[in-house]
Structures are given as C-alpha cells and as structure tokens.
Amino acid sequence: MTQGTHREIPFTPPMECLPVDHLPDGPGRVYELKLDGYRGQAIRDVRGLHLLSRNCKDLSKKFPALFIALNEALTAGTALDGELVAFDETGQPSFNAIQNSSAETNVVFFVFDVLFHQWRDVKHLPLSERLVLLPSAFIPSATVQRSEHFPGPVNQFVAAVKKMGGEGVIAKRLSSRYEPEKRSGAWSKMRLNVGQEFVIGGFTPGSHGVDALVVGFYGGDSLIYAARVRAGLVPATRGELFAKLRPLIIKDCPFVNLPESKSGRWGQGLTPAKMSECVWVKPVLVANFEFLEWTDTNHVRHIKYGGLRDDKDPRKVVRE
C-alpha cells in the first residue's frame with residue numbers, strides 16, 4: 001500500500017512480548033510500564049473507525065465512549081496498537097474494572113505503536129522511526145493517551161515502577177521492526193507482581209456450580225496442570241463460571257501430566273483419588289490469577305482467581 005492510497009486497512013495480529021526474568025539494559029532500548037488491560041487496535045480507514053481486540057473482535061459496543069473518543073482522535077489512514085485500561089474508584093488501573101465495565105467505567109486507550117500512518121504501512125520501519133511518527137497519528141485526550149517510553153537505565157525504571165505498585169516493565173529494542181504474531185525477544189516483559197493467565201481445564205462441582213477450578217498452561221502442544229483454585233471465587237462468580245463451563249464438559253482429562261503420584265508438600269498435586277472429583281472441560285477459557293510463588297514441580301502456591309479473559313488465545317498461555 002503506497003502513501004495516499006485510500007482503501008481498507010487490514011487488522012494486524014499483534015506482536016508479542018517474551019517473558020523474561022531479567023530485562024536487557026543498555027543503549028538502543030526503551031522501557032514502558034506494563035499495563036493490565038485489553039490489548040487493542042484502533043483503525044481508521046475508508047470504512048470508518050474500528051476498535052478491535054487482539055483476536056480481531058469488535059470492541060466498539062463494549063466501550064462506546066472510548067469508540068467515540070478514538071473517532072475524534074485518529075487521523076484517516078491510521079492503525080494504532082495499544083492497551084485499553086480501566087480505572088477503579090481509587091484511580092488505580094484494574095483488570096477487574098475493565099472485565100466488568102459499564103458505560104460509566106473510565107477506560108483509556110494507551111497508544112504505544114503505529115502500524116499504518118497516512119495510509120502507509122510502517123511496520124517495516126524500526127521502532128525508533130515509528131515512535132517519531134506516533135505523535136502525528138492521533139490527537140491525545142483524557143481518553144486517548146500515549147504510553148510513555150523511557151530511555152533507562154532499566155534498574156532505575158524498575159525501582160520506580162515497583163514503588164508505585166506497577167504490574168511490570170516492558171523493554172523494546174529501538175531497531176526492532178513490527179513482527180505480527182511473533183515473540184522474537186525484540187520486545188520482552190518482566191512481571192513485578194506474581195501472577196499470570198492460566199487455562200481452565202476442569203473444575204470440581206460445588207453448591208453454586210463450581211467449588212474449585214483446575215488450571216494449567218501450555219508447554220508446546222501439551223496442557224500442563226498447575227493448580228486448583230478456590231480463592232477469589234464468590235457465589236456469584238461460581239455461578240457465572242458454571243454457566244460458561246457446562247457446555248464445555250468433556251470426558252477425558254486434557255492435562256498431560258495427570259494423574260500425579262502424591263499430593264506433594266503443599267497439597268496441589270492431583271492424585272487419581274482427587275481426579276475422580278473433577279469434571280473436565282475443553283481448555284478454551286483463559287483467566288487471570290495472582291499467586292505467591294512457583295514450586296519446583298511446576299505448581300503454584302496460594303493462588304487466587306482474578307477474572308476471565310476473552311482476549312487471549314489459550315494456546316499462547318505459557319509459564320511466565
């Protein structure tokens with residue numbers, strides 16, 4: 001597509017961040033605050049404005065106020081990559097707030113990259129050049145804002161993010177091209193709080209439909225069991241989860257590492273006896289969880305349910 005050609009702009013599957021234990025430092029990189037929300041793409045072309053999720057689902061009806069603001073903010077021939085973030089009553093970013101958002105919820109689109117600029121595909125340009133183009137791609141407002149990039153050093157930035165209680169930090173190589181659907185390591189992320197998404201592969205029944213969730217992560221093509229989860233499941237949540245899980249019930253266990261021979265020190269191991277209590281489901285639902293730590297047996301301790309995600313591909317949920 002050449003500059004000045006007014007036509008439809010395609011959706012771009014988003015570039016992914018590689019989870020790491022230590023972020024790279026030194027010149028040639030920028031750092032961002034890791035935001036806990038929905039990855040989104042805003043496109044304005046000859047068809048009008050489109051607000052799409054990371055899986056190309058239409059978000060315009062879910063976030064009508066943001067859709068209106070983006071329509072005013074974006075210039076024609078533009079595609080932006082960013083994160084939709086909701087804020088709770090204290091003004092803090094909250095995944096629970098965006099998951100349960102209403103028309104009154106304060107949702108902001110934080111823009112961190114430009115994919116099309118003035119009808120020109122710019123994904124082949126290095127990030128350093130895309131960041132120069134970014135300010136002219138939209139008009140900032142209280143609802144549409146630029147996600148700030150910081151030059152480092154990384155230790156100072158990480159310390160500042162920890163102090164403010166941030167979720168994590170993202171590092172990006174300034175020479176990197178935009179790689180759709182790739183997790184090459186040109187972009188990397190480090191969590192500062194302990195938590196991640198897991199795939200739901202089963203549950204144990206209870207009085208409100210679900211007593212506990214059985215969750216895991218993918219290693220290659222295999223689903224690996226990580227934990228049973230009761231914390232964070234209030235009666236209303238248990239009923240809502242059961243309504244979503246019941247149509248997904250299957251006969252066979254989807255986890256490759258079950259059964260386990262013993263419960264283990266922390267009681268997370270699923271023995272044949274404990275498995276007999278479980279109902280298995282197709283591993284298609286993804287949810288957020290917080291926990292204390294990983295064990296040396298790929299289990300997690302003191303895990304708490306945080307909410308379902310409908311914007312994540314279960315096959316891309318790995319141990320972070």
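FYI, side chains are in, hydrogens and waters are out, and symmetry mates aren't considered; it's all heavy atoms of this structure. Bear in mind that the values here come from a model prediction, so they are computed numbers and not experimental data.
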Legend entry - Partners passing side chain to side chain donor-acceptor pair (under 3.5 Å) against Lys62 (at least two apart in sequence or in another chain): none
Legend entry - Residue pairs involving residues 243-253 (criterion side-chain hydrogen bond (donor to acceptor under 3.5 Å, both in side chains); sequence neighbours excluded): none
Inset, instruction - Measure the CG-CG distance between Leu245 and Leu308 for me, rounded to the nearest 0.5 Å. - result: 8.0 Å
Inset, instruction - Look up atom CG in Leu18 and atom CD1 in Ile170, then write down how far apart they are to the nearest 0.5 Å. - result: 12.0 Å
Legend entry - Taking every non-hydrogen atom, the tightest pair across Asp211 and Pro205: CB-O, 3.4 Å
Inset, instruction - Please name all residues satisfying ring pair (Phe, Tyr, Trp, His ring centres under 6.0 Å) with Trp280, sequence neighbours left out, ordered by chain then number. - result: none
Inset, instruction - Answer yes or no: are there more than 12 heavy-atom neighbours, outside Lys123 itself, under 6.0 Å from its atom NZ? - result: yes
Legend entry - Distance in Å, Asn257 CG paired with Asn298 CG, rounded so as to fall on 0.5 Å steps: 8.0 Å
Legend entry - Test item: Lys172 and Glu32 side chains (from C-beta on) under 4.5 Å apart, heavy atoms: yes
Inset, instruction - Would you indicate whether Lys182, at its atom NZ, is surrounded by more than 12 heavy atoms from other residues, nucleotides or ligands within a distance under 6.0 Å? - result: no
Inset, instruction - For Glu83, check side chain to side chain donor-acceptor pair (under 3.5 Å) against everything at least two apart and list the hits. - result: none
Legend entry - Contacts of Pro24 that satisfy side-chain contact (heavy atoms from CB on, under 4.5 Å) - sequence neighbours left out: Arg29, Ala171, Ser188
Legend entry - Residues that Thr75 engages under side chain to side chain donor-acceptor pair (under 3.5 Å), provided they are two or more places apart: Thr78
Legend entry - Ile139 reachable from Trp119 in the ILVMFWY side-chain graph, under 4.5 Å edges: no
Inset, instruction - Return the set of residues passing ring pair (Phe, Tyr, Trp, His ring centres under 6.0 Å) with Phe67 (not counting sequence neighbours), or none when no residue passes. - result: none
Inset, instruction - Group every Ile, Leu, Val, Met, Phe, Trp and Tyr by side-chain heavy-atom contacts under 4.5 Å, then state whether Val256 and Val281 land in the same group. - result: yes
Legend entry - Carboxylate-amine/guanidinium contact Glu320 Arg191, below 4.0 Å: yes
Inset, instruction - Under the ring pair (Phe, Tyr, Trp, His ring centres under 6.0 Å) rule, collect the residues that match up with Phe87, sequence neighbours excluded. - result: none
Legend entry - Any donor-acceptor N/O pair, Arg228 side chain to Val214 backbone, under 3.5 Å: no
Inset, instruction - May I ask you to say whether Arg54 pairs ionically with Glu181, meaning some side-chain N is under 4.0 Å from a carboxylate O? - result: no
Inset, instruction - Kindly write out the residues that satisfy side chain to side chain donor-acceptor pair (under 3.5 Å) with Arg309, not counting sequence neighbours, or none if the list is empty. - result: Glu197, Asp311
Inset, instruction - Measure centre to centre between the rings of Phe150 and Tyr31, then say whether the value is under 6.0 Å. - result: no
Legend entry - Side-chain heavy atoms of Val85 within contact of Ile98, under 4.5 Å: no
Inset, instruction - May I ask you to decide if Phe116's main-chain N or O and Asp121's side chain share a donor-acceptor pair within less than 3.5 Å? - result: no
Legend entry - Leu223 side chain near Pro254 side chain, heavy-atom distance below 4.5 Å: yes
Legend entry - CG-CZ distance between Leu35 and Phe112, expressed to the nearest 0.5 angstrom: 8.0 Å
Legend entry - Contact check, side chains of Leu80 and Leu134, non-hydrogen atoms, under 4.5 Å: yes
Inset, instruction - Report yes if the side chains of His50 and Asp45 come closer than 4.5 Å at any heavy-atom pair, otherwise no. - result: yes
Inset, instruction - Please answer whether the main-chain N or O of Thr297 pairs with a side-chain N or O of Thr295 as donor and acceptor at a distance below 3.5 Å. - result: yes
Legend entry - Distance, nearest 0.5 Å, that separates CD1 of Ile9 from CD1 of Ile43: 6.5 Å
Legend entry - Tyr178 side-chain N/O to Met15 backbone N/O, donor-acceptor pair under 3.5 Å: yes
Inset, instruction - Just grab all the ring pair (Phe, Tyr, Trp, His ring centres under 6.0 Å) pairs involving residues 9-30, residues at least two apart or on different chains. - result: none
Legend entry - ring pair (Phe, Tyr, Trp, His ring centres under 6.0 Å) partners of Phe289, counting only residues at least two apart: Phe198, Tyr305
Inset, instruction - Taking all non-hydrogen atoms of both residues into account, name the closest pair between Lys162 and Leu192 and its distance. - result: CG-CD1, 3.6 Å
Inset, instruction - Might you point out which heavy atoms bring Val300 and Ala227 nearest each other, and give the distance in Å? - result: CG2-CB, 3.4 Å
Inset, instruction - Give the intermediate values and the outcome of salt bridge (charged side-chain N to carboxylate O under 4.0 Å, His left out) for residues Asp310 and Lys57. - result: CA-CA 10 Å; Asp310 60 3; Lys57 294 180 180 177; 5.4 Å; no
Inset, instruction - State yes or no: do Phe255 and Ile250 share one hydrophobic cluster built from I, L, V, M, F, W and Y residues joined by side-chain heavy-atom distances below 4.5 Å, directly or via other members? - result: yes
Inset, instruction - Might you work through the side-chain contact (heavy atoms from CB on, under 4.5 Å) test for Phe109 and Phe63, ending with a clear yes or no? - result: CA-CA 10 Å; Phe109 188 66; Phe63 305 105; over 6 Å; no
Inset, instruction - Please say which of Asn288, Val199, Asn55, Val286 ends up in a side chain to side chain contact (heavy atoms under 4.5 Å, CB included) with Lys312. - result: Val286
Legend entry - Same apolar cluster: Leu174 and Val132, side chain cutoff 4.5 Å: no
Inset, instruction - For residues Ala186 and Ser176, report the shortest heavy-atom separation together with the two atoms involved. - result: CB-CB, 3.6 Å
Inset, instruction - Could you state whether Val318 and Val215 fall into the same hydrophobic cluster, counting links through intermediate Ile, Leu, Val, Met, Phe, Trp or Tyr residues with side-chain heavy atoms under 4.5 angstrom apart? - result: no
Legend entry - Side-chain heavy-atom pair Val108, Val144 within 4.5 angstrom cut-off: no
Inset, instruction - Measure from NZ or CZ of Arg301 to the centre of the six-membered ring of Trp294, then state whether that distance is under 6.0 Å and the direction lies within 45° of the axis. - result: no
Inset, instruction - Give the minimum heavy-atom separation between Leu23 and Met190, together with the two atoms involved. - result: CG-CB, 3.8 Å
Inset, instruction - Answer whether the closest heavy-atom distance between the side chains of Asp81 and Arg39 falls below 4.5 Å. - result: yes
Inset, instruction - Evaluate the side-chain contact (heavy atoms from CB on, under 4.5 Å) criterion for residues Val169 and Lys34: first the C-alpha distance (whole Å), next the side-chain angles of each, then the deciding distance (0.1 Å), finally the verdict. - result: CA-CA 5 Å; Val169 173; Lys34 185 179 183 299; 5.9 Å; no
Inset, instruction - Would you tell me whether Glu179 and Ser184 have side-chain atoms, one donor and one acceptor, within less than 3.5 Å of each other? - result: yes
Inset, instruction - Output yes when a side-chain donor or acceptor of Arg7 lies under 3.5 Å from a complementary backbone atom of Val46, and no otherwise. - result: no
Inset, instruction - Any chance you could measure Leu70, atom CG, to Leu49, atom CG, to the nearest 0.5 Å? - result: 6.0 Å
Inset, instruction - Can you run down the side-chain hydrogen bond (donor to acceptor under 3.5 Å, both in side chains) pairs that involve residues 125-147, sequence neighbours left out, and say none if there aren't any? - result: Asp113-Arg130, His117-Ser136
Legend entry - Side chain proximity check, Met275 to Leu258, heavy atoms < 4.5 angstrom: yes
Legend entry - Closest contact, heavy atoms only, Leu131 versus His149: CD2-CE1, 3.6 Å
